[in-house]
Protein chains: 2
Amino acid sequence: MDRNSPIGVFDSGVGGLTVAREIMRQMPEERIIYFGDTARLPYGSKSQDTVLRYSRQIIRFLMTKEVKAIVIACNTASAYVLEAVERELDIPIIGVIRAGARTAVHSTRNGKIGVIGTEGTISSGIYTDVMRQMRPDIEVSVKACPLFVPLVEEGLLHDTVTDEIASRYLSVLKGRFIDTLVLGCTHYPLIRSTLGRIMGDEVTLVNPAYETAVELKELLREKELTCQTRKDGEEEKYQFYVSDLAEKFTAFATSILPNEVKETKKIHVEEY
Amino acid sequence: MDRNSPIGVFDSGVGGLTVAREIMRQMPEERIIYFGDTARLPYGSKSQDTVLRYSRQIIRFLMTKEVKAIVIACNTASAYVLEAVERELDIPIIGVIRAGARTAVHSTRNGKIGVIGTEGTISSGIYTDVMRQMRPDIEVSVKACPLFVPLVEEGLLHDTVTDEIASRYLSVLKGRFIDTLVLGCTHYPLIRSTLGRIMGDEVTLVNPAYETAVELKELLREKELTCQTRKDGEEEKYQFYVSDLAEKFTAFATSILPNEVKETKKIHVEEY
């Protein structure tokens with residue numbers, strides 16, 4: 001395994017860019033191959049079976065790029081896929097759930113943690129399972145919030161409608177007196193200020209994107225896979241691939257990443 | 001061609017059931033094979049290229065069921081696909097757009113028509129093109145309403161949030177003094193009462209699902225393809241196929257169709 005190979009990162013669309021952004025910040029020397037499955041998004045409302053099939057195709061594509069490690073930057077795919085595919089691969093693969101769960105378990109003072117996410121992530125029960133394995137007396141309250149992704153994608157980040165929907169979704173969690181809330185979908189950090197205002201100062205918001213980059217950094221160091229030679233030259237350091245609408249992706253990625261994204265390539269991922 | 005063969009109907013998901021329901025009402029003797037592409041929905045935010053590829057796979061699947069005609073019960077797919085595929089097929093194929101456009105052109109009194117739909121349908125400009133071909137002096141105002149589908153799928157059919165979002169989307173159309181509004185997405189008839197209240201009594205709402213069934217009936221008669229022998233027996237009269245989440249589909253279909261749906265089969269449509 002070449003430690004100067006890139007890291008593969010994938011998501012159903014643009015949400016995983018919040019994870020890629022954290023990797024860029026925390027490990028500026030690493031190269032990244034990002035894939036967003038924009039032709040088949042969203043994953044959050046689909047079955048485990050389908051998300052597993054799609055993820056295996058994406059992983060086969062990333063392997064053709066000789067990645068040294070893979071990050072599943074999508075909560076739904078992490079929930080449904082990680083356990084099955086880590087046995088099939090001979091490179092390290094991590095999801096966003098374990099790191100977020102660990103941080104939540106360490107941060108709670110009263111042992112009551114809330115988790116919000118897509119229908120797929122929430123119905124999988126994975127955050128609850130993982131946190132209870134770490135600390136069996138944790139009390140976990142969960143809530144699926146299917147309108148948050150479309151509201152974010154419509155750009156209503158600071159809007160009375162988003163406030164109203166968030167108040168409804170979060171009211172059940174407020175009633176359970178949680179002191180820690182896991183933002184269990186990569187789109188949710190983009191409405192963090194709304195969520196924080198509704199939950200109040202006493203509730204800690206956990207962003208698994210940040211925690212995942214921390215975990216990846218440790219993992220690469222442990223496996224001696226940290227990049228050593230900065231290879232500048234003909235190849236772009238960060239390469240972006242999607243299954244549809246490459247230009248729209250480029251514009252969105254440029255808006256949230258530190259540097260301009262020059263190009264996104266469209267591929268037929270179902271052929272992998 | 002066997003006139004007693006079934007009619008193929010497809011959509012990105014459940015929305016096209018509003019079209020299937022109209023066919024069942026208006027032509028109770030006809031058999032239907034319905035396909036909903038639930039593994040890859042929604043189509044409204046995807047490119048023409050991708051929607052065309054997906055639709056061709058679905059059409060190849062429907063052809064294995066020996067359908068005598070195909071209805072594209074999805075506005076986005078009708079907008080992007082119909083013209084390309086009708087040349088490739090030797091059976092009749094219709095979409096939902098022409099019938100809706102014709103009814104709107106006939107119903108307007110002041111020549112000002114509004115169209116609402118997904119981003120894909122609206123950005124294709126197809127309703128405007130088709131209506132202007134029918135009557136060049138028609139003034140068409142359009143508005144993409146990307147939050148309506150998630151709001152309907154979240155069950156917020158009668159809700160203050162849906163009212164607020166609908167008021168925002170429709171305000172530009174009200175300002176243009178339209179007297180006819182085309183519901184250019186198969187989900188929208190389900191929030192018809194909200195849309196009607198906001199637009200006011202003087203605005204006629206056109207539901208292309210209904211008009212498409214009328215057009216199909218005429219077409220089958222013209223081509224001498226109307227079903228003649230009611231073949232009861234081993235085969236279900238209405239057969240449902242999806243690419244994911246068959247049970248969820250069955251429950252939804254049962255809730256909006258006149259009869260209980262006993263079974264939905266899941267297939268891998270990308271293999272066609």
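Protein chains get the first letters and strands the later ones, always in sequence-line order, with residue 1 at the start of each. Worth knowing before you read on, the calculation uses all heavy atoms, side chains too, and leaves out hydrogens, waters and symmetry mates.
For chain B, the nearby part of D159(A) is the side chain; its heavy atoms alone come within less than 4.5 Å. Of the two parts of L151(B), the backbone and the side chain both hold a non-hydrogen atom closer than 4.5 Å to a non-hydrogen atom of chain A. Contacts of Y54(B) with chain A are made by side-chain atoms alone, with heavy-atom separations under 4.5 Å and no backbone atom involved. With a 4.5 Å cut-off on non-hydrogen atoms, E153(B) does not touch chain A at all.
R60(A) CZ: more than 12 foreign heavy atoms inside a 6.0 Å radius.
T76(A) places none of its side-chain heavy atoms less than 4.5 Å from the side chain of E119(A). Under the 4.5 Å side-chain criterion, counting only non-hydrogen atoms from C-beta, S55(B) is not in contact with Y80(B). Side chains of Y238(B) and I32(B) form a contact here, defined as non-hydrogen atoms less than 4.5 Å apart. Counting heavy atoms from C-beta outward, F10(B) and I72(B) have side chains that approach closer than 4.5 Å. At a threshold of 4.5 Å between non-hydrogen side-chain atoms, the residues K174(A) and V203(A) do not count as touching.
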Legend entry - D11(B)/L17(B) under side chain to side chain contact (heavy atoms under 4.5 Å, CB included): CA gap, chis, key distance, verdict: CA-CA 8 Å; D11(B) 178 45; L17(B) 289 169; over 6 Å; no
Inset, instruction - Given side chain to side chain contact (heavy atoms under 4.5 Å, CB included), test V81(B) with R56(B) step by step and report yes or no. - result: CA-CA 9 Å; V81(B) 167; R56(B) 282 198 175 114; over 6 Å; no
Legend entry - Intermediate values then yes/no, side chain to side chain contact (heavy atoms under 4.5 Å, CB included), V142(B) and Y127(B): CA-CA 9 Å; V142(B) 301; Y127(B) 270 105; 5.8 Å; no
Legend entry - Intermediate values then yes/no, side chain to side chain contact (heavy atoms under 4.5 Å, CB included), F148(A) and L195(A): CA-CA 11 Å; F148(A) 280 167; L195(A) 303 174; 3.9 Å; yes
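Residues of residues 262-272 of chain A placed with any heavy atom under 4.5 Å of a heavy atom in chain B are listed by number as K266(A), H268(A), E270(A). Residues of residues 241-252 of chain A lying within less than 4.5 angstrom of chain B, judged on heavy atoms, are S243(A), D244(A), L245(A), K248(A) in numerical order.
Options S45(A), P42(A), P146(A), S47(A) differ in how many heavy-atom pairs under 4.5 Å they form with chain B, and the most are formed by S47(A). The greatest number of non-hydrogen atom pairs below 4.5 Å with chain B, out of V149(A), V161(A), L156(A), T38(A), is found for V161(A). Among R40(B), E164(B), R53(B), the residue with the largest count of heavy-atom pairs under 4.5 Å with chain A is R53(B).
Under 3.5 Å, the side chains of T162(B) and T194(B) contain no donor-acceptor pair of N or O atoms. A donor-acceptor contact closer than 3.5 angstrom links the side chains of D37(B) and Y43(B).
Checking each of V71(A), I97(A), T186(A) against T212(A) for a side chain to side chain contact (heavy atoms under 4.5 Å, CB included) leaves exactly one that passes, namely V71(A).
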